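Throughout, residue positions are numbered sequentially from 1 according to the sequence presented. None of these values were measured; they are calculated from a predicted model. As the structure lists them, so they are numbered: ligands from 1, and atoms in each ligand from 1.
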Amino acid sequence: MTAGGERYSALRWNAPLSEAHAEWLIEQLEVGSVNSVLDLGCGWGELLLRVVEAARDGCAGVGVDTDEALLARARRSSRGRGMERQVSFVGAPAEEWGRPAERVLCVGASHAWGGTAPALVALTRLVAPGGRMLFGDGCWENEPTPEAGAIFGADVMPLDQVVDRALKAGWRVLSLTTADQREWDEFESSWRRDGEDWLLNHPQAPDAGAVRQELDRRLAEYVTSYRGVLGFCYLVLGRGG
Ligand SMILES: C[S@@+](CC[C@H](N)C(=O)[O-])C[C@H]1O[C@@H](n2cnc3c(N)ncnc32)[C@H](O)[C@@H]1O
């Protein structure tokens with residue numbers, strides 16, 4: 001939502017993920033003695049900053065994204081926490097990034113490599129031997145409705161196939177969790193929230209009709225086509241040393 005205010009301002013991160021679930025995932029990454037963290041498709045970098053905060057002093061983080069406005073928010077956030085020397089944010093296509101790290105985050109960005117399956121293969125090159133990756137991605141929680149299939153495309157796989165592709169790419173699956181319904185509902189509500197607030201305050205603005213239509217479309221698609229159908233899985237994957 002772009003009218004008024006900052007896009008996604010009500011979202012903690014751009015994924016269906018609670019604070020408690022994020023903390024648990026960071027624990028699974030075991031970052032205590034880690035020197036490098038890379039986040040591909042980092043958005044505004046909130047998860048990356050938290051992972052680097054949990055790691056040893058001197059751990060360096062790099063976030064990569066193609067959206068300059070989101071990267072500007074990431075840099076502001078990093079400066080606000082005094083982490084600007086520890087974490088850098090780079091505007092670049094994730095699929096062209098070549099420097100590996102000990103811990104890699106890739107949440108909601110598999111489309112940069114063409115979907116879940118090719119991403120799981122390509123990302124093996126970016127995790128240093130003995131390293132770990134948090135891979136978060138959409139998957140079918142239930143048989144997709146034709147509408148959900150049309151919205152999210154043929155790349156989305158059921159969870160068992162995501163796991164199968166991870167194993168075939170050579171990963172060990174250290175943990176597997178999925179977003180629950182509450183995380184999804186909070187995510188969808190927060191996704192619309194800045195637009196809804198703007199609309200309540202600017203009902204007569206020239207673009208109010210277009211904003212209302214876009215918000216109503218998203219809400220209708222959620223409740224009729226993909227709520228309880230599109231899932232989101234978090235795999236913490238290990239790579240042998
Ligand atoms: C669903 S969001 C997830 C953002 C972040 N990982 C998070 O969890 O908050 C996907 C992100 O991927 C970024 N993106 C899309 N295509 C990309 C590409 N080819 N290279 C790098 N980033 C990309 C978008 O700008 C967006 O920030």
What's the shortest distance from [atom] to any protein heavy atom, and which residue and atom give it?
atom	answer
atom 5 (C) of ligand 1	G41 O, 3.2 Å
atom 20 (N) of ligand 1	A94 N, 2.8 Å
atom 9 (O) of ligand 1	N14 N, 2.8 Å
atom 8 (O) of ligand 1	V107 CG1, 3.6 Å
atom 14 (N) of ligand 1	T66 OG1, 3.7 Å

Might you work through the salt bridge (charged side-chain N to carboxylate O under 4.0 Å, His left out) test for R50 and E19, ending with a clear yes or no?
-> CA-CA 11 Å; R50 293 195 193 194; E19 290 274 359; 2.5 Å; yes

Between S77 and R81, does any side-chain donor sit less than 3.5 Å from a side-chain acceptor?
-> yes

Pair Y226, E188: side-chain N/O donor-acceptor within cut-off below 3.5 Å = yes

Checking contacts here: is it the side chain or the backbone of [X] that comes within 4.0 Å of ligand 1, counting heavy atoms only? Could be both or neither.
X	result
E46	neither
C106	neither
L40	neither

For [X], atoms of ligand 1 separated by under 4.0 Å from a heavy atom:
X	result
W13	9 (O)
H111	15 (C), 16 (N)
E95	18 (C), 19 (N), 20 (N)
D67	25 (O)
L70	27 (O)

Between A112, G138, A92, G108, flag the one that comes closest to atom 1 (C) of ligand 1 by a heavy atom.
-> G108

[X] to ligand 1: N or O pair under 3.5 Å?
X	result
A15	no
P93	no
W44	no
D65	yes
C42	no

Is the closest basic N to carboxylate O distance between E84 and R75 below 4.0 Å?
-> no

In terms of heavy-atom contacts, does CZ of R217 have more than 12 from other residues, nucleotides or ligands at under 6.0 Å?
-> yes

Cation-pi check, R218 onto W191 ring (under 6.0 Å, within 45° of axis) = yes

Sub-4.0 Å heavy-atom approach of L47 to ligand 1 =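 So L47 does not count as touching ligand 1.
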
Ring geometry between F152 and W140 (parallel below 30°, tilted from 30 to 60°, perpendicular above 60°) =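 Rings of W140 and F152: perpendicular, over 60°.
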
How are the rings of W184 and F187 set to each other: parallel, tilted or perpendicular (split at 30° and 60°)?
-> perpendicular

Short side-chain to backbone donor-acceptor contact, N142 and G228, under 3.5 Å = yes

Can you check whether W24's main-chain N or O pairs, donor with acceptor, with Q28's side chain at less than 3.5 Å?
->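 Such a contact is found between Q28 side chain and W24 backbone.
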
Worked check of side-chain contact (heavy atoms from CB on, under 4.5 Å) between F135 and V107 = CA-CA 6 Å; F135 184 72; V107 175; over 6 Å; no

Rounded to the nearest 0.5 Å, the CG atom of L70 sits from the CG atom of N14 at a distance of 7.5 Å

